[in-house]
Participant: 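Could you have a look at this structure, given as structure tokens, before my questions?
Reminder, nothing fancy here: chain letters follow the sequence lines and each chain counts from 1. Just so we're clear, the structure is a prediction, and the values are computed from it rather than from any experiment.
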Amino acid sequence: MSFLTKIGQVPTDEQIFNSNNDDLANEDAGKTTSCRIENVSRRSFLKVSGLASSSLVIGVQLASVQTVSAAKSGSSDFAPDVFISMDKRGTVTIICHRSEMGQGIRSSLPMLVADEMECDWQRVIVEQGLGDAKYGSQNTDGSRSVRRFYTRLKEAGATARTMLQTAAAQVWKVKPTQVEIYNHQAKLKSSSKTLDFSQLVEIAATLPVPDKKTLKLKKESEHRYVGKDTMPNIDGEAIVSGKAIYGFDVELEQMKYAVIARPPVLFGKVKSFDATEALKVPGVVKIVEMPTLTPPAVFKMLGGIAVIAENTWAALQARDKLKITWDHGDNANYNTKKYEQEFVKALKNPPHTARSRGNWEDAKTAADKIISRNYYVAGIAHATMEPPAATARISKDGVDVWTCTQTPQSAQSTAMGVMKIPKEKASSVKINVTLLGGGFGRKSKPDYIAEAVFLANETKMPIKVQWTREDEIKHGYYHSPSYQELSASFDKEQRSTGWYHGMVNHPIGSTFNPAAKEAGAAELGQTDMPFDIPNIKITNGESETSLRIGWVRSVTNINNVFAVSSFADELAVESNKDPKDYLLSLIGKDQFIDLAKDKAKYSNYGESNEQYPIDTSRLKNVINVVAKDANWGKKLPKGHGIGIAAHRSFCSYVATVVEVSSREGKIQIEKVYYAVDAGKVINPDRVRSQMEGAAIFSTSLAYYGEITADKGIVDQSNFHDYELARIGQVPVIEVNIIKNDHPPAGVGEPGVPPFAPALCNAIYNATGKRYRRLPLKQYGIV
Amino acid sequence: MIELTINNKQHKLDLPDDMPLLWALRDIVKLTGSKYGCGKGLCGACTVHMDGIAVRSCVMPISAVKGKSITTIEGLSENIDHPVQKAWLEINVPQCGYCQSGQIMSAASLLASNDSPSDDDIDQAMSGNLCRCGTYPRIRSAIHLAAKLAKEVK
Ligand code: FES
Ligand code: FES
């Protein structure tokens, strides 16, 4: 499978070393293979996991058989993805193997286990899993964590509960059915006898794991934590008291601080440098020349000159004093403006057809009317509040890394690559995952981890590499700009007969293979356009870039849905129809859209079409719900406008209504409404917070998001020229979570795509002005 | 030698005059609760109190805090029971949490000078604190709640 078809996910290890496709294969296989659970209380590899002191340890293997065999070469023959352990005091520790970056995963995944196991939440501790093949894939992207593990984690919790129940039955010499388990206690039915989990743990540890078929999973209505609004954030207290540790906060004995002057142009190199003045700065320890980067960029180090110092300030001062002459190399002619013109050319005759139904050319010829528009969305940066940071220490036993990463395993293989450590020795490289001060896709790319490992090895000292904001903005993996052309044809009765959508962007493939030219991730928001139109043609152009490309939260849905949903609104206006009604009529009848019929390549976010079909009835439902919540059709105050957009992404259905006002040429967002159907919901409060966050994230990109480059050098550098939305620009956001029994879907990303088009549709409604280019800053209205 | 008080403890620091307070706190005193976000006074992640007033520690040279009393997020309360912290937990404000030390320090300083701020007061006082995760609506609610909690305590 090519990684380009595996969307929403950044290519992992195999992209770097081209060694194998284990990881992706496992992700897929994981869907169908069943969950394997073992009582591993007595197994030798517990010391590896630091769980040796526990009495009962249950290992849960979520991924496929391949993962087991991959881990086999290590120290054990059973490779659990998740550990549940209970010590003699009855404290339950659940290892979370996914990264926390604000989406609440460290609360949500353990909640599933704890609820099913009937734990007292106060007696649950969540521990972060190391980056390790034993966990199966730990990629925290593509909004997939809950989607993948819902049932399996419930089964794990039920296994532990059943074992505790059996243990209590043995103590009381009764049948297990006579024992009820509730809130960390076993209770003997028709008596007042109880036993705490702590009194049962030793017996439970000796029991065999019950057959999965005999497990009784709780019904939705029996959940005490899952689906409840009152669950506190597991890291809340640590965060509000400043004790939470992020990648930037790691401190080790003897550790030195590093900052790096990186080549201003991608693939540029150091021609010569003079560090005399830099070395005079008190506290500077060493100057190190980094290896020169050659294409493809992948997740390799960017090169440049590193300053190692006793503290950050000394390092920063010295970096300023370095005199470096750069050879900018071949990319010094990259210019954003020029590339926009190239984009237009690339869509004159786009060579790739992503989807086709009927015959668009014929529909065009026969049409009574054709409406055509084009849209442009600028490139954007991740701008995580915490810039990338990694700390590495090399010892005779191996490599230890502490870092904020979304992909601990790809961090591990990156570190192995730098140190030339063979695959069999993977366990000597430990990736300790800290909290992430935001991820949004940036922290799935471990170039900064490579830097830390390289410098720790060069200097033989523990090194913390910190990226400044300027480093983060100027040397990112950018969400590509994109240019799009849309046309719709109509017959005499004003019925829509054809839909054409051409799109070009800088392919993400170019980050991994310099020859890649085809626009990337077209399927997200372009191919899966949900309108029921008899003739459809969806095409992609080609382009080249001189920047590293890496998608931002929600991938190309951002650009594609902006174009599609803006265009749908324009068509409504042209047809004198209400935009909401028109949108519903474009979507048409209730159906599961089968893109294969339209000869489209569609990976459906890595899920099966049977379990997660594209269901137009659910899409229409969120539109109707959000319209009702927003009182769509109400009389608006003068100068106000309202807009709507909806989209399915990451298998969730989200509709957004934005209300704006326009005063003296400036736009203010007055109110935002979301309706979200993400199937079963574990942690409603975190779903709500993800939608609130998505609205604000999208406000930033719609208002300000623009990375430009001239002579290959990125123009922006910090929050004064790469602005983000501030508190005064953000209104009340109302989120309506639709309750249903569909399988759980992603929530971290799907709130983003519909926001910007709903906003621009609202601005049109308020002002009569249509903005087809983002960001809006260029029009002076925000 | 620069003498100052940090979270009620006396410190004597031998540092270059121009080192920003943020790096002194993080790298020298090892209080990492105050965060780096921009280093230019643009994001508020590094906010601490100097004699009770919110300041951006990333642009505050250490020489300028000679003899002053600094409070960081670690010193805001002993038991995570400052009204702002309590309100933050109650409303579940943090997402990734990275900006939140700064948000909380700004909010605490606002409430110290205005015990019942309006939405506009809040927007004004908090406009220097960025949150990329987008917790602003909850920050606003939590500040209102904190104002209430603070009065109940009195
Ligand atoms: S780090 Fe001080 S304001 Fe941003
Ligand atoms: S909570 Fe993540 S930046 Fe504010």
Participant: Which atoms of A/L724 are under 4.5 Å from chain B, going by heavy atoms: the side chain, the backbone, both sets, or neither?
Facilitator: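 It is both, since atoms from each part get that close.
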
Participant: Considering all heavy atoms of both residues, which atom of B/I73 and which atom of A/S241 are nearest to each other, and what is their separation?
Facilitator: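 For B/I73 and A/S241, the tightest heavy-atom pair comes out as CG1-C, 3.8 Å.
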
Participant: Does any backbone or side-chain atom of A/I727 lie under 4.5 Å from a heavy atom of chain B? Answer side chain, backbone, both or neither.
Facilitator: both

Participant: Side chain, backbone, both or neither: which part of A/A383 has a non-hydrogen atom closer than 4.5 Å to chain B?
Facilitator: both

Participant: Could you report the tightest heavy-atom contact between B/R26 and A/F248, atom names first, then the distance?
Facilitator: NH2-O, 2.8 Å

Participant: Are B/K30 and A/E251 close enough for a salt bridge, meaning some N to O gap below 4.0 Å?
Facilitator: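 Answer for the salt bridge query: yes.
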
Participant: Does any heavy atom of chain A fall under 4.5 Å from the side chain of B/I28, the backbone, both, or neither of them?
Facilitator: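 It is the side chain, since no backbone atom gets that close.
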
Participant: Should the pair A/E470-B/K40 be classified as a salt bridge under the 4.0 Å nitrogen-to-oxygen rule?
Facilitator: yes

Participant: Check B/P137 against A/P731 and note the closest heavy-atom contact, atom names and distance.
Facilitator: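 That would be CG-O, 4.1 Å.
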
Participant: Output the option from A/I696, A/I245, A/D249 having the highest count of non-hydrogen pairs under 4.5 Å with chain B.
Facilitator: A/D249

Participant: Less than 4.5 Å to any heavy atom of chain B: does that hold for the side chain of A/P282, its backbone, both, or neither?
Facilitator: neither

Participant: Heavy atoms only, distances under 4.5 angstrom: which of A/V730, A/L435, A/N233 has the most pairs with chain B? Name it, please.
Facilitator: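 That would be A/V730.
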
Participant: If you round to the nearest 0.5 Å, how far is CH2 of B/W23 from CG of A/N311?
Facilitator: 9.5 Å

Participant: Would you mind telling me which of B/L15, B/D18, B/D27 makes a side chain to side chain contact (heavy atoms under 4.5 Å, CB included) with A/W313?
Facilitator: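 Only match with A/W313 under side chain to side chain contact (heavy atoms under 4.5 Å, CB included): B/D18.
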
Participant: Say you draw a straight line from CD1 of B/I80 to CD of A/E237; how long is it, rounded to the nearest 0.5 Å?
Facilitator: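 Between B/I80 CD1 and A/E237 CD, I get 4.5 Å after rounding to 0.5 Å.
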
Participant: Assign the ring pair A/Y246 / B/Y98 to parallel, tilted or perpendicular, where the plane angle (0 to 90°) is split at 30° and 60°.
Facilitator: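 Perpendicular: the ring planes of A/Y246 and B/Y98 meet at over 60°.
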
Participant: Kindly give the heavy-atom pair with the smallest separation between A/W467 and B/Y36, and that separation in Å.
Facilitator: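 Between these two residues, the closest heavy atoms are O-CE2, 4.0 Å.
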
Participant: Let me know if A/E472 has heavy atoms under 4.5 Å from chain B in its side chain, its backbone, both or neither.
Facilitator: neither

Participant: Against chain B, label A/S700 side chain, backbone, both or neither, depending on which of its atoms sit under 4.5 Å from a heavy atom there.
Facilitator: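 For A/S700, the contact with chain B is made by the side chain alone.
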
Participant: Name the region of A/I473, side chain, backbone, both or neither, that has any atom closer than 4.5 Å to a heavy atom of chain B.
Facilitator: neither

Participant: So, A/R469 side chain and B/G37 main chain: donor-acceptor pair closer than 3.5 Å or not?
Facilitator: yes

Participant: Could you tell me whether B/Q10 atom CD has more than 12 heavy atoms of other residues or ligands within 6.0 Å of it?
Facilitator: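 Correct, the count exceeds 12.
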
Participant: Measure A/E310 against the heavy atoms of chain B and call it side chain, backbone, both or neither at under 4.5 Å.
Facilitator: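 Interface part for A/E310: neither.
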
Participant: Counting distance only, does the side-chain N/O of B/R140 pair as donor-acceptor with the main-chain N or O of A/G728 below 3.5 Å?
Facilitator: no

Participant: Please classify the contact between B/N129 and chain A as side chain, backbone, both or neither, with a heavy-atom cut-off of under 4.5 Å.
Facilitator: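 Just the backbone, heavy atoms under 4.5 Å.
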
Participant: Do other residues, nucleotides or ligands put more than 12 heavy atoms under 6.0 Å from the NZ atom of B/K68?
Facilitator: no

Participant: Where does B/L31 contact chain A at under 4.5 Å (heavy atoms): side chain, backbone, both or neither?
Facilitator: neither

Participant: Please determine, among B/A45, B/G33, B/C38, the option with the most heavy-atom pairs under 4.5 Å with chain A.
Facilitator: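 Heavy-atom pairs under 4.5 Å are most numerous for B/C38.
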
Participant: Whether A/E692 and B/R138 form a salt bridge (side-chain N of Lys/Arg under 4.0 Å from carboxylate O of Asp/Glu) is what I want to check.
Facilitator: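 Counted as a salt bridge, because a side-chain N and a carboxylate O are separated by less than 4.0 Å.
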
Participant: Quick check with a 6.0 Å cut-off and a 45 degree axis cone: is A/R726 positioned over the face of B/Y136's six-membered ring?
Facilitator: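 No, cation not above the ring by the 6.0 Å, 45° rule.
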
Participant: Is the number of heavy atoms from other residues, nucleotides or ligands under 6.0 Å of B/Q124 CD greater than 12?
Facilitator: no

Participant: How far does CE of A/M385 sit from SG of B/C133, to the nearest 0.5 angstrom?
Facilitator: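 The CE atom of A/M385 sits 9.0 Å away from the SG atom of B/C133.
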
Participant: Select one option (side chain, backbone, both, neither) describing which atoms of A/R106 are under 4.5 Å from chain B's heavy atoms.
Facilitator: neither

Participant: Name the member of B/P16, B/C131, B/S101, B/S127 that forms the most heavy-atom pairs with chain A at distances under 4.5 Å.
Facilitator: B/S127

Participant: Below 4.5 Å from any heavy atom of chain B, which atoms of A/M231 appear? Answer side chain, backbone, both or neither.
Facilitator: backbone

Participant: Please determine, by modelled atom types, if A/D685 and B/N92 share a side-chain donor-acceptor pair under 3.5 angstrom.
Facilitator: yes

Participant: Test A/I239 against every option in B/Q85, B/Q100, B/Q95 by the side chain to side chain contact (heavy atoms under 4.5 Å, CB included) rule and name the one that passes.
Facilitator: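 That would be B/Q100; it is the only one of B/Q85, B/Q100, B/Q95 passing the side chain to side chain contact (heavy atoms under 4.5 Å, CB included) with A/I239.
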
